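Reviewing the structure listed below.
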Amino acid sequence: MLKRTHMCGTLRSDHEGTEVVVCGWVNTYRDHSSGLIFIDLRDREGLVQVVFDGDDADAAVVEAGRGLRREDVVAIKGSVRARAGGANPRLATGDIEVVATAIEILAKTDTPPILPDEHEAEKIAEENRLKYRFIDLRRPRMQEILKTRSLVTRTARDYFMDHGFLEIETPLLIKTTPEGARDFIVPARLHPGKWYALPQSPQLFKQILMVAGCDRYIQICKCLRDEDPRADRQAEFTQIDLEMSFVDRDDVISMMTGFARRLWKDVLDVEIGEIPSMTYAEAMDRYGIDRPDTRYGLELNDVSEIAARTDFRVFAEALAKETGCVKAIRVPGGAEIFTRKVTDGYTAFVRDFGAGGAPTTKLTENGFETGVAKFLEPIKDELIAALGLEVGDAVVFACDTRTIATRALGELRQKIAQDTDAIPEGKWNFVWVIDFPMFERDEENGRWVALHHPFTSPNPGQFDILESDPGGCLSAGYDLVLNGSEIGGGSIRIHDQEVQAKVFKLLGLSQEEAREKFGFLLDALRFGAPPHGGVAFGLDRLVMHLVGTDNIRDVIAFPKTQSGGDLMTDAPGPVDASQLEETHVQSTAEVDDAG
């Protein structure tokens with residue numbers, strides 16, 4: 001077999017006159033009437049043109065070249081020369097070509113069901129690309145994504161190793177802890193009637209490692225959550241998981257800010273500078289969401305006091321509620337796009353978030369026109385001043401309880417930004433969101449629920465109101481947000497067993513339930529736990545941002561569909577009755593012949 005000396009995409013003018021052996025897949029084939037045969041040979045590093053020329057190769061080599069077809073696998077020996085027909089600026093190897101002197105056909109292909117062609121990829125149904133993933137991954141775009149993902153993991157390891165972290169693995173077969181998403185469960189054959197769970201995250205184990213004195217831990221780990229389909233999440237995903245001892249919130253944020261700066265520099269050669277912080281309250285007030293996209297304006301403004309001076313019934317009914325408010329967004333130049341069809345669409349959109357509608361109006365040289373203009377006449381000047389309106393702007397309102405109005409308008413803000421092309425390209429806006437509430441009230445079940453998770457510590461100075469005012473207690477949690485997407489999150493953990501017991505009690509967990517679910521952690525806290533905190537970065541989301549895709553399946557080598565299926569391996573599938581019997585499991589599901 002011919003032994004490779006160079007990757008296809010690495011050959012340059014410096015290699016002219018060099019004898020090389022390149023291996024790969026036939027990307028394209030061209031047989032010219034002059035007797036010359038050209039192929040573009042592809043490997044993960046790129047393409048190189050190979051020429052079969054009867055003047056420079058024997059007849060057998062030329063004939064073998066003539067028999068090649070797309071996706072055949074070959075090894076070719078030849079000499080590098082300047083490209084005879086002129087350089088091809090679209091190829092990194094476009095200044096040169098390889099003149100074949102020997103060829104070894106390593107594998108002939110059947111007619112491929114799809115081709116790894118960038119120009120055709122969008123025309124191929126994603127189901128087919130996932131079914132034949134081993135072909136789809138040959139595309140240069142997919143190869144670049146895989147290389148970027150590899151660089152991200154290498155940078156993470158290098159950065160954190162440089163800062164004294166130990167890479168430690170945690171178990172995949174664990175005890176089920178029914179908090180948060182639904183667990184995937186695994187029958188324990190040697191323990192009839194008992195089950196393992198697959199980890200939703202290594203949260204408890206990384207805290208145990210801090211109690212164990214490991215001080216700084218990192219792991220690039222698989223996490224599994226049996227959730228309903230979501231566009232930006234897979235049931236099986238990857239985290240860069242970290243924990244540190246003897247630290248406070250500022251220490252963790254400083255360390256992780258350094259990692260983000262290193263990552264963007266190593267991968268994109270972009271300097272992101274320092275990352276600002278914003279409180280949860282400010283994020284909700286200005287942007288209506290706890291993962292604000294700060295690349296553009298369209299901020300929310302509370303105009304309740306001004307709105308109270310109109311006789312608009314919708315405003316009045318909202319303000320009559322206990323926490324009622326009226327919020328508004330100024331849309332610069334929005335008058336041009338706020339057609340009746342668009343504004344009706346916005347009304348339908350906010351109803352999905354509990355709001356009754358999204359009243360709108362436009363500012364013209366004659367004042368407010370269309371929509372709710374007639375109700376705004378008494379407050380025209382105040383509203384223009386409060387929102388900084390200019391002729392040609394539009395205004396959209398949300399009015400309800402503060403929670404509903406804020407959330408609905410925050411979601412609508414993002415849609416308006418897309419509709420008005422307000423989102424700038426090539427901009428990286430990072431922000432740390434801090435001072436989250438410790439708890440949210442679940443009115444339906446009449447109990448408190450943890451906003452992050454039940455191991456998050458209150459902020460310093462908040463311990464005294466943990467029991468007396470749980471709704472006002474702020475946590476030591478923090479999220480790193482990039483362009484409106486949460487890419488990492490964590491908290492300072494509770495390391496005092498008495499504080500942990502109080503939190504469990506607030507969440508409605510009895511001592512018996514807490515011990516049943518988290519007994520080993522509670523035991524660990526009894527025997528000298530250091531102050532500690534950490535972060536988990538979503539590796540898939542990091543790579544999505546770095547390569548510029550909004551499809552999470554693009555950045556995972558072998559992803560699942562939104563319904564959790566693997567089209568390439570046809571998983572999940574049925575198992576033999578004997579396997580069920582061995583694991584002491586009986587299925588009650590009716591499975592059709594198709595599985």
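All values reported here derive from a predicted model rather than from experimental measurement.
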Exercise. Does one side chain, of Gln418 or Gln414, offer a donor that lies under 3.5 Å from an acceptor on the other?
Worked result: no
Problem set entry | Set of residues satisfying ring-ring contact (aromatic ring centres under 6.0 Å, His included) with respect to Phe205, sequence neighbours excluded | Phe520
Exercise. Is the closest side-chain heavy-atom distance between Arg157 and Ile220 below 4.5 Å?
Worked result: yes
For this session: Measure from the side-chain N and O atoms of Asp251 to the backbone N and O of Asp248, and report whether any donor-acceptor pair falls under 3.5 Å.
Result: yes
Exercise. Under the 3.5 angstrom rule, does the side chain of Asn429 hit a backbone N or O of Thr294 as a donor-acceptor pair?
Worked result: yes
Problem set entry | Heavy-atom check, side chain of Thr561 versus side chain of Leu130, under 4.5 Å | yes
Exercise. From Leu198 CG over to Thr176 OG1, what is the distance, rounded to the nearest 0.5 angstrom?
Worked result: 10.0 Å
Exercise. Has Glu336 got more than 12 heavy atoms of other residues, nucleotides or ligands less than 6.0 Å from its CD?
Worked result: no
For this session: Write down the atom of Gln219, the atom of Pro202, and the distance for their closest heavy-atom approach.
Result: NE2-CG, 4.0 Å
For this session: Could you go through the salt bridge (charged side-chain N to carboxylate O under 4.0 Å, His left out) check for Arg249 and Asp435 one step at a time?
Result: CA-CA 10 Å; Arg249 183 179 72 187; Asp435 291 345; 2.8 Å; yes
Exercise. Can a salt bridge be assigned to the pair Arg313 and Glu317 using a cut-off of 4.0 Å between side-chain N and carboxylate O?
Worked result: yes
Exercise. Where do Gly472 and Ile465 come nearest, in terms of heavy atoms and distance?
Worked result: O-CD1, 3.7 Å
Exercise. Partners of Lys321 by salt bridge (Lys or Arg N to Asp or Glu O under 4.0 Å), sequence neighbours excluded?
Worked result: Asp400
Exercise. Any donor and acceptor pair, going by atom type alone, linking the side chain of Thr148 with main-chain N or O of Glu144 inside 3.5 Å?
Worked result: yes
For this session: Calculate, to the nearest 0.5 Å, the distance between atoms OG and CD1 belonging to Ser150 and Ile145 respectively.
Result: 13.5 Å
Exercise. Does a side-chain N-to-carboxylate-O contact under 4.0 Å join Arg407 and Asp352?
Worked result: no
Exercise. Does CZ in Arg154 sit with more than 12 non-hydrogen atoms of other residues, nucleotides or ligands closer than 6.0 Å?
Worked result: no
For this session: Report the C-alpha distance between Glu236 and Ile556 in whole Å, list the side-chain angles of each, state the deciding distance to 0.1 Å, and finish with yes or no for side chain to side chain contact (heavy atoms under 4.5 Å, CB included).
Result: CA-CA 10 Å; Glu236 177 183 0; Ile556 299 172; over 6 Å; no
Exercise. To the nearest 0.5 Å, how far apart are OG in Ser245 and CG in Leu209?
Worked result: 9.5 Å
For this session: Just do the side chain to side chain donor-acceptor pair (under 3.5 Å) check on Thr406 and Lys327 with the steps written out, would you?
Result: CA-CA 7 Å; Thr406 298; Lys327 290 202 166 187; 3.3 Å; yes
For this session: Taking Glu486 for its side chain and Arg291 for its backbone only, find out whether a donor-acceptor pair lies under 3.5 Å.
Result: no
For this session: Not counting sequence neighbours, which residues clear ring-ring contact (aromatic ring centres under 6.0 Å, His included) with Tyr287? List them please.
Result: none
Exercise. If only atom types and distance count, is the side chain of Thr155 paired as donor or acceptor with the main-chain N or O of Leu151 below 3.5 Å?
Worked result: yes
Problem set entry | Leu300 side, atom CG; Arg413 side, atom CZ - distance, nearest 0.5 Å | 7.5 Å
For this session: Would you please indicate yes or no on a ring centroid separation below 6.0 angstrom for Phe375 and Phe315?
Result: no
Exercise. Is there side-chain contact between Arg553 and Arg129, with heavy atoms separated by less than 4.5 Å?
Worked result: no
Exercise. How would you list, by chain and number, every residue that makes a ring-ring contact (aromatic ring centres under 6.0 Å, His included) with Tyr159, sequence neighbours excluded?
Worked result: His163, Phe259
Problem set entry | Test side chain to side chain donor-acceptor pair (under 3.5 Å) applied to Glu390 - qualifying residues, sequence neighbours left out | none
Exercise. Using the ring of each side chain (for Trp, its six-membered ring), is Phe436 parallel, tilted or perpendicular to Tyr280, with breaks at 30° and 60°?
Worked result: tilted
Exercise. Does the side chain of Leu521 come within less than 4.5 Å of Ile208's, by heavy atoms?
Worked result: yes
Exercise. Roughly how far, to the nearest 0.5 Å, is the CD1 atom of Ile275 from the OG1 atom of Thr257?
Worked result: 4.0 Å
Problem set entry | side-chain contact (heavy atoms from CB on, under 4.5 Å) against Leu363, all qualifying residues, sequence neighbours excluded | Phe368, Ile384, Leu389
Problem set entry | Heavy-atom pair of closest approach, residues Ser457 and Phe463 | OG-CZ, 3.6 Å
Exercise. When you measure from the side chain of Arg402 to the backbone N and O of Gly324, does any donor-acceptor pair fall under 3.5 Å?
Worked result: no
Problem set entry | Nearest atoms (heavy-atom pairs only) where Met244 meets Val247 | O-CG2, 3.5 Å
Problem set entry | Sequence-distant partners of Arg149, salt bridge (Lys or Arg N to Asp or Glu O under 4.0 Å), two or more places apart | Asp540
For this session: Please round to the nearest 0.5 Å and tell me the distance separating atom CD of Gln239 and atom CZ of Arg541.
Result: 10.0 Å
Exercise. Are Gln200 and Glu227 close enough that some pair of their side-chain heavy atoms sits under 4.5 Å apart?
Worked result: no
For this session: For atom NZ of Lys265, decide whether the heavy atoms of other residues, nucleotides or ligands shown that lie under 6.0 angstrom number more than 12.
Result: yes
Problem set entry | Any side-chain donor near an acceptor of the partner, Ser304 and Asp302, under 3.5 Å | yes
Problem set entry | Residues forming a ring-ring contact (aromatic ring centres under 6.0 Å, His included) with His495, sequence neighbours excluded | none
Problem set entry | Any pair counted as side-chain hydrogen bond (donor to acceptor under 3.5 Å, both in side chains), so long as it reaches residues 355-364, sequence neighbours left out | Thr364-Glu369
Exercise. For Ala260 and Leu480, which heavy atoms make the closest approach, and how far apart are they?
Worked result: CB-CD2, 4.4 Å
For this session: Go through the structure and list residues passing salt bridge (Lys or Arg N to Asp or Glu O under 4.0 Å) with Asp469, not counting sequence neighbours.
Result: none
Exercise. Is it true that a side-chain atom of Asn459 and a backbone atom of Ser475 form a donor plus acceptor pair closer than 3.5 Å?
Worked result: yes
Problem set entry | Cationic N near anionic O, under 4.0 Å, Asp554 to Arg141 | no
For this session: Using salt bridge (Lys or Arg N to Asp or Glu O under 4.0 Å) as the criterion, list what pairs up with Glu440, not counting sequence neighbours.
Result: none
For this session: Indicate yes or no: at least one non-hydrogen side-chain atom of Phe246 is less than 4.5 angstrom from one of Asp215.
Result: yes
Exercise. Given side chains that start at C-beta, do those of Thr238 and Lys222 come closer than 4.5 Å, heavy atoms only?
Worked result: yes
Problem set entry | Nearest heavy-atom neighbours spanning Phe504 and Ala514 | CD1-CB, 3.6 Å
Exercise. How would you list all residue pairs meeting ring pair (Phe, Tyr, Trp, His ring centres under 6.0 Å) that involve residues 321-348, not counting sequence neighbours?
Worked result: Phe338-Tyr346
For this session: Determine the sole option in Val481, Asp479, Leu482, Asn483 for which the side chain to side chain contact (heavy atoms under 4.5 Å, CB included) test with Val431 is passed.
Result: Val481
For this session: Kindly indicate whether the side chain of Pro292, heavy atoms from C-beta on, has any atom under 4.5 Å from the side chain of Glu282.
Result: no
